[in-house]
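We use all heavy atoms of the structure for the numbers below, so side chains are in, but hydrogens, waters and symmetry mates are not. Every chain is numbered from 1, with letters handed out A, B, ... down the list of sequences.
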Amino acid sequence: MTDALPTSGPDIRVRIAPSPTGPLHIGTARTALFNFLFARRMGGTFILRLEDTDVARSTLAYERDILDGLHWLGLTWDEGPGVAGAEGRGAHGPYRQMERLPRYAAEAERLLSADQAYPCYCSPEELDAERRRLEAAKLPPRYSGRCARLSATERAGLVAEGRAAALRFRVGEGVVGFEDLVRGWVEIDVANLGGDFVIVRGDGTPLYHFTVVVDDAAMQISHVIRGEDHLSNTPKHILLFRALGYAEPRFAHLPLILNPDRTKMSKRKTQTAISDYIAEGFIREGLVNFLALLGWSTGTEEEVLALDALCARFALEAVHKGGAVFDRERLEWLNGQWIRKLSADELVDRLRPFLAAEVAAARIERMPTDVELLALIPLVQERLPVLGAIGDLVGFLFVDRITVEPALLVPKRWDAATTLAGLSAARPIAAGGDGDVDGDGSLEFEAASLEAGLRALAEQRGWKAGDLFMAIRVATTGRTATPPLFETLVTLGRTRTLERLDGAIALLEQAH
RNA sequence: GCCGCAUUCGUCUAGAGGCCCAGGACACCGCCCUCUCAAGGCGGAGACCACCGGUUCGAAUCCGGUAUGCGGUACCA
């Protein structure tokens, strides 16, 4: 069976099967990425399937978030719904489980009539009590099998009581083993599965362990690549594949992504929604690169890799077995690497929504033009770990008035009087006076001449140029850390530079 | 409890018996560059390769056990 599976080509079929019960999770994105990389590497088919049988928690908004997030990451799928709410494309649909109900019903019926499954009339309360009893006795929880051998008349009696019947799968006995592509041979005694398990609820809706097998079989999935948290469940799935008469796919269980305390990554301890990372200004190249290297490496020292390079190098055999802690510092570093690789035009495009958000939040007063943005790129490109940092970096350029903390105005080695003298002396240079070597007032407001003029001033007065520059920096931007000063002043423009110098001078005089 | 999986610098990892008294990257520290902040360059600190036994001339690498951690154990997915 397994040796009949393809080793390359379009018959390599893998899938990502998220539940629209929450926003796209980092872990789901990583699993999707590994499936995608494997499919692309092998020339296979990557499928998206929505597992929406938890009707109470599934929403269209989450579905949209998940599809948008995967699209944003660049993980395009060959089969499945293209957009939220739409029908999927591909020959193995439908790709939404709630649209596959007849299929599950038919498969359940097959198991029932083959007596590989049976109706169970135990109520949730009874099962709960049973489980608690076992736990209290320090025994592993397991279904007693009470309904496993009911006679027809017993069943009729329970039905007459008005009890709803769930459907349980007979696990039988023996040991189930499989060759996991990342972990090697794994085997589990069926006796440890907790007894016959429910595959269809009392209300007739099918359960995960059942739907996943029916769908993977129907969609001819060749490789099931998923998180390690499913490893212990795999024997259940294998049993179901066999009972249903389908070939088993191959399995590969990925190491978990961990919180800093090494527990399974959770939104309580780590930011997990991809949309939150997008909102902060992580870019797809950085996030994809980072995620690919969580639990896998090329085996070389290269680590800044684009999606196509990752595809070219990916190998399931090289995936690690141990869990990997999500290290945000490393993500930011990689993100910065990729921001620096962007072309100026591209960076302008990506920055625009973040500036718009600054406007919307009233942190800046107007949206910069594309020309202004393009001019800013050389000043900001290597200073952005995330795109969302743009507001802090250059927001002072797009507000009419800045607020200046008087204490910041005075450089460390200076006092208020020196600062006042420094700014007052700098003003005419910025105004084009003293720095105007031709004396005709035509001096351009330009970085090199501003720097030359102000350096000359500092030297003449015996000041450290850095101190003078710092005073001007704070006076004109309100901050101690900014892009290079003279380019910044030029961007600010002569008029506003002078206004802000005057404002700072007034502030210092007032403090006197 | 039971079952399963895992275990190399704080973190991500290289390493498939001698090339390893363990290499790279992030973070950290220092120096250089420098108007600040970054970026970049150079250097440093940081791992008794979880532990104990065994196999071998030789083990991070093979075997066994122990410990610890994590995951699973639902009419959730």
Visitor: Should the pair Arg96(A)-Glu51(A) be classified as a salt bridge under the 4.0 Å nitrogen-to-oxygen rule?
Guide: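 No salt bridge links Arg96(A) with Glu51(A).
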Visitor: Checking all strands, does Pro483(A) fall into the base, sugar-phosphate, or nothing category for heavy-atom contacts under 4.0 angstrom?
Guide: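 Base contact - Pro483(A) has a heavy atom under 4.0 Å of at least one base atom.
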Visitor: When all nucleic acid strands are considered with a 4.0 Å heavy-atom cut-off, which category describes Leu334(A): base, sugar-phosphate, or nothing?
Guide: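 Touches nothing.
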Visitor: When the nearest nucleotide of RNA chain B is assigned to Ser19(A) and to Pro260(A) on a heavy-atom basis, which residue is associated with the more 5' position?
Guide: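 Whichever sits nearer the 5' end wins; that is Pro260(A).
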Visitor: Under a 3.5 Å cut-off for both contacts, is A67(B) paired Watson-Crick or G-U wobble with anything, and if yes, with which nucleotide?
Guide: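 U7(B) - that is the nucleotide pairing with A67(B), both distances being under 3.5 Å.
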Visitor: Can you label the angle between the Trp463(A) ring and the Trp414(A) ring as parallel, tilted or perpendicular, going by 30° and 60°?
Guide: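 Judged by the thresholds at 30° and 60°, the geometry between Trp463(A) and Trp414(A) is tilted.
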Visitor: Check the phosphate of U13(B) against His320(A), side-chain N and O only, distance under 4.0 Å to OP1 or OP2. Yes or no?
Guide: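 It does, given that an N or O in the side chain of His320(A) lies less than 4.0 Å from OP1 or OP2 of U13(B).
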Visitor: When you compare A47(B) with U8(B), how far apart are their P atoms, in angstrom units rounded to a whole number?
Guide: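 Nearest-Å result for A47(B) against U8(B) at atom P: 14 Å.
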Visitor: Which is true for Leu139(A) with a 4.0 Å heavy-atom rule: it touches a base, it touches only sugar-phosphate, or it touches nothing?
Guide: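 Result for Leu139(A) = nothing.
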Visitor: Before we go on, tell me: are the rings of Phe282(A) and Phe290(A) under 6.0 Å apart, centre to centre?
Guide: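 That pair fails the under 6.0 Å test.
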Visitor: Any idea how Trp296(A) and Phe314(A) line up, ring-wise: parallel (<30°), tilted (30 to 60°), or perpendicular (>60°)?
Guide: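 Ring orientation, 0 to 90° scale: tilted.
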Visitor: Counting the atoms with a prime plus P, OP1 and OP2 as sugar-phosphate, which does Thr480(A) contact under 4.0 Å by heavy atoms, base, sugar-phosphate, or nothing?
Guide: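 It contacts base atoms.
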Visitor: Students often get this wrong, so: under 4.0 angstrom with heavy atoms, is Ala465(A) touching a base, only sugar-phosphate, or nothing?
Guide: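 Answer is nothing: Ala465(A) stays at 4.0 Å or more from every strand.
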Visitor: Quick one: label Leu127(A) by what it contacts on the DNA or RNA (base, sugar-phosphate, nothing), any heavy atom closer than 4.0 Å.
Guide: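 Answer is base: heavy atoms of Leu127(A) come under 4.0 Å of a base.
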Visitor: With a 4.0 Å cut-off on heavy atoms, is Arg142(A) in touch with a base, just the backbone sugar-phosphate, or nothing at all?
Guide: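 No contact at all - Arg142(A) keeps every heavy atom at 4.0 Å or more from the nucleic acid.
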Visitor: Which is true for Arg479(A) with a 4.0 Å heavy-atom rule: it touches a base, it touches only sugar-phosphate, or it touches nothing?
Guide: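 No contact.
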Visitor: Over 60° means perpendicular and under 30° means parallel, so tell me whether Phe178(A) and Phe251(A) are parallel, tilted or perpendicular.
Guide: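 The arrangement is perpendicular - the two ring planes meet at more than 60°.
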Visitor: Quick one: label Arg262(A) by what it contacts on the DNA or RNA (base, sugar-phosphate, nothing), any heavy atom closer than 4.0 Å.
Guide: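 Since only primed, P, OP1 and OP2 atoms lie under 4.0 Å of Arg262(A), the category is sugar-phosphate.
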Visitor: Base, sugar-phosphate or nothing for Glu135(A)? Non-hydrogen atoms, less than 4.0 Å.
Guide: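 Here Glu135(A) touches no strand at all.
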Visitor: Just to be sure I understand the rule, does Asp229(A) reach a base, reach only the sugar-phosphate, or reach nothing, if contact means heavy atoms closer than 4.0 Å?
Guide: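 Asp229(A): backbone/sugar contact only, no base atoms under 4.0 Å.
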Visitor: Need one value for Gly202(A): base, sugar-phosphate or nothing, where a base atom within 4.0 Å counts as base even if backbone is also close, heavy atoms only.
Guide: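 Since a base atom lies under 4.0 Å of Gly202(A), the category is base.
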Visitor: Classify the nucleic acid contact of Thr21(A) as base, sugar-phosphate or nothing, counting any heavy atom under 4.0 Å across all strands shown.
Guide: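 If one applies the 4.0 Å heavy-atom cut-off, Thr21(A) turns out to touch nothing in the nucleic acid.
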Visitor: Could you tell me whether Glu317(A) contacts a base, only the sugar-phosphate backbone, or nothing, with contacts defined as non-hydrogen atoms closer than 4.0 Å?
Guide: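 Nothing, no nucleic acid heavy atom in range.
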